[in-house]
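Shown next, in structure tokens, is the structure this report addresses.
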Protein chains: 2
Amino acid sequence: MTEQHEAPGGVSGRALQKDIPQATVARLATYLRVLAMLADDGVAIVSSEELAVAAGVNSAKLRKDLSFLGPNGVRGVGYDVAKLRARIEDVLGLSQGHRVVLVGAGNLGRALVGYGGFRRRGFTVVGILDSDPEVIGMPVAGLVVRDVAELPAAVAELEPTIAVITVPDDAAQDVCDRLVASGLQSILSFAPCELVAPATVEVRRVDLAVEMQMLSFERMRNAEQAPLPEVAHAGSGRIAHRLPTSHTAPAHPALQHATTPHTTTSHTATEPSSKGSVVTP
Amino acid sequence: MTEQHEAPGGVSGRALQKDIPQATVARLATYLRVLAMLADDGVAIVSSEELAVAAGVNSAKLRKDLSFLGPNGVRGVGYDVAKLRARIEDVLGLSQGHRVVLVGAGNLGRALVGYGGFRRRGFTVVGILDSDPEVIGMPVAGLVVRDVAELPAAVAELEPTIAVITVPDDAAQDVCDRLVASGLQSILSFAPCELVAPATVEVRRVDLAVEMQMLSFERMRNAEQAPLPEVAHAGSGRIAHRLPTSHTAPAHPALQHATTPHTTTSHTATEPSSKGSVVTP
DNA sequence: AACTGTGAAAACTTTCACAGCA
DNA sequence: TGCTGTGAAAGTTTTCACAGTT
């Protein structure tokens with residue numbers, strides 16, 4: 001119904017976004033990660049089979065996913081790693097990078113500012129805010145924590161495209177409202193509550209406890225089928241369990257990672273501490 | 001295949017787990033959160049409509065989801081909050097609580113130990129380990145960081161049911177292997193790489209960057225349709241946008257949260273800093 | 001020969017709409 | 001009357017299998 005004009009010279013992502021299934025979008029992000037890894041290792045061409053294995057999906061699904069972006073590969077050959085990567089970034093709207101503003105300088109907020117996985121994937125944290133006078137003015141990973149009251153000014157000045165909410169539960173809706181009022185259109189919240197926002201604003205929520213609960217469920221289900229596998233419960237097991245990672249195509253050394261046997265991954269993947277799990281004391 | 005005996009007096013979750021769809025399991029965790037909120041507010045009975053709205057799904061879906069757990073409500077009346085809650089916890093295997101061991105005492109690891117949302121939902125962090133000599137021995141939220149080398153001993157002693165990996169990318173597989181060798185069956189990883197583990201071990205991965213990338217995609221899609229909504233980009237917008245949160249059934253005060261208009265939530269929801277976004281200095 | 005791109009089938013999820021119960 | 005529980009319809013996602021290209 002909202003059949004607006006097609007914006008001839010506007011966005012770069014061509015005209016296909018419209019029909020890309022949600023599920024596919026989530027996986028595109030995963031493919032991007034694998035492609036980055038391959039590129040780092042100097043791999044120039046991948047087949048759908050190799051890429052699929054490395055991403056933990058089957059190759060038909062991967063090809064179908066990519067087909068939504070138009071033709072990307074060469075039949076009989078495979079996909080050009082660099083080209084495919086650029087194409088996916090373009091479609092996901094990542095080509096120009098994103099400026100991220102973080103509200104909530106608690107433990108989680110600080111973990112995220114320092115989080116190298118963001119910068120590496122084109123997300124730059126440009127500002128961090130909090131409401132606690134104790135915290136305002138303190139430096140966090142090269143940024144100074146500003147007062148949430150300054151939010152409109154900060155937004156005008158920093159021009160973020162994405163906001164991340166890491167404040168407690170009961171402050172989340174208020175922060176969300178302020179972000180919306182300041183003109184932000186994309187919000188990622190870590191607060192365990194639904195947030196109300198106008199339909200034009202995209203809000204996503206990440207709930208760590210749900211992941212744990214799903215794990216709990218799977219374990220219960222498994223426990224039901226196999227009485228008790230009698231696990232090695234003590235001792236000094238070093239590395240153990242180097243599984244037989246052998247598929248038909250040994251492929252490039254970069255594809256070592258591959259062959260997820262049971263991983264139920266739904267979407268994202270974080271990169272915790274930046275280099276060596278060092279606690280900055 | 002693997003048609004073992006049914007363990008007569010073992011688990012409490014009845015015999016239904018088997019056929020509960022994945023998508024339903026993810027939502028059960030959400031319902032649980034809402035039910036806890038209602039219980040806190042003294043609500044004793046909810047209708048599917050109220051609960052659904054508060055959880056951000058439609059009521060038919062909610063009823064279908066609950067129907068997989070057997071009859072839970074009373075026709076013409078609704079669901080008993082306490083009873084339903086207990087039933088879901090039982091099915092998800094949460095009734096006995098979970099003991100969680102955390103590997104990686106970096107920023108993210110520390111954010112999670114302190115994270116009240118876990119304890120409140122039945123997950124107790126019983127141990128935290130790292131490989132960095134700088135960090136080993138330091139206290140974190142009431143626990144002392146132990147050496148990963150001690151992992152088998154720590155596992156034998158603490159008897160965790162779930163492990164969380166918050167170490168960097170390149171250490172993740174090694175840690176995973178050690179956890180498996182120590183007998184852990186459920187692993188939640190924040191490292192942005194696929195982990196290889198035996199099929200009997202359940203591994204889930206959370207990737208924060210994927211969530212951001214999905215946000216990015218949605219924004220691009222929206223931007224394409226609406227030329228430019230001309231957002232209020234500066235000024236001093238205070239709280240603004242108190243949306244018209246009016247549905248037909250005003251219901252209990254506890255149901256304020258409700259009415260998510262566009263939230264694309266897929267699963268979990270975190271609760272960042274424990275009380276007031278205070279940075280423990 | 002090798003590998004992509006894709007229609008068509010199968011599987012899964014959501015929504016509808018109403019029978020059945022308090 | 002009011003609300004749950006559920007079969008059957010509609011919609012979405014995954015998988016299959018093969019035609020098409022280099």
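So you know, we letter chains A, B, ... as the sequences are listed, proteins then strands, and number each from 1. Both backbone and side-chain heavy atoms feed into the values below; hydrogens, waters and symmetry mates do not.
- The separation between A:Leu62 atom CG and D:dT14 atom C1' is 13 Å, rounded to whole Å.
- Comparing A:Ala60 and B:Val74 along DNA chain D, the residue whose closest nucleotide (by nearest heavy atom) sits nearer the 5' end is B:Val74.
- Rounded to an integer number of Å, the gap from CD of B:Gln22 to P of D:dT14 is 12 Å.
- Following rounding to the nearest Å, B:Lys83 (NZ) and D:dT4 (C1') show an atom-to-atom distance of 12 Å.
- Using cut-offs of 30° and 60° on the angle between ring planes, the pair B:Phe123 and B:His98 is parallel.
- Distance alone, capped at 3.5 Å, is enough to place a donor-acceptor pair between the B:Gln173 side chain and the B:Val196 backbone.
- Side-chain N or O atoms of B:Asp41 include none that pairs as donor or acceptor with a backbone N or O of B:Val43 at under 3.5 Å.
- As a whole-Å value, the separation of B:Leu66 CG from D:dC3 C1' is 13 Å.
- Atom pair B:Arg75:CZ and D:dT4:C1' shows a separation of 5 Å (rounding to whole Å applied).
- Side-chain polar atoms of B:Glu218 and B:Asn222 form no donor-acceptor pair below 3.5 angstrom.
- In this structure, B:Leu208 and A:Val164 have side chains that are not in contact, with every pair of non-hydrogen atoms separated by 4.5 Å or more.
- Of the possible donor and acceptor atoms, one in the side chain of B:Arg33 sits under 3.5 Å from a partner among the backbone N and O of A:Pro192.
- Formation of a donor-acceptor pair under 3.5 Å by the A:Ser216 side chain with backbone atoms of B:Leu92 is found in this model.
- Between A:Gly76 and A:Arg63, the residue anchored closer to the 5' end of DNA chain C is A:Gly76, taking for each the nucleotide with the nearest heavy atom.
- D:dT14 atom P lies 7 Å from atom CG of A:Asp65, rounded to whole Å.
- Positionally, the nearest nucleotide of DNA chain D for B:Gly73 lies more toward the 5' end than for the other of A:Asn58 and B:Gly73.
- With rounding to whole Å, A:Phe68 atom CZ is found 10 Å from D:dT12 atom C1'.
- Remark: B:Ser48 is in phosphate contact with D:dT4, judged by side-chain N or O atoms under 4.0 Å from OP1 or OP2.
- For DNA chain C, the span of nucleotides reached by chain B at under 4.0 Å from its heavy atoms goes, 5' to 3', from C:dT13 to C:dA22.
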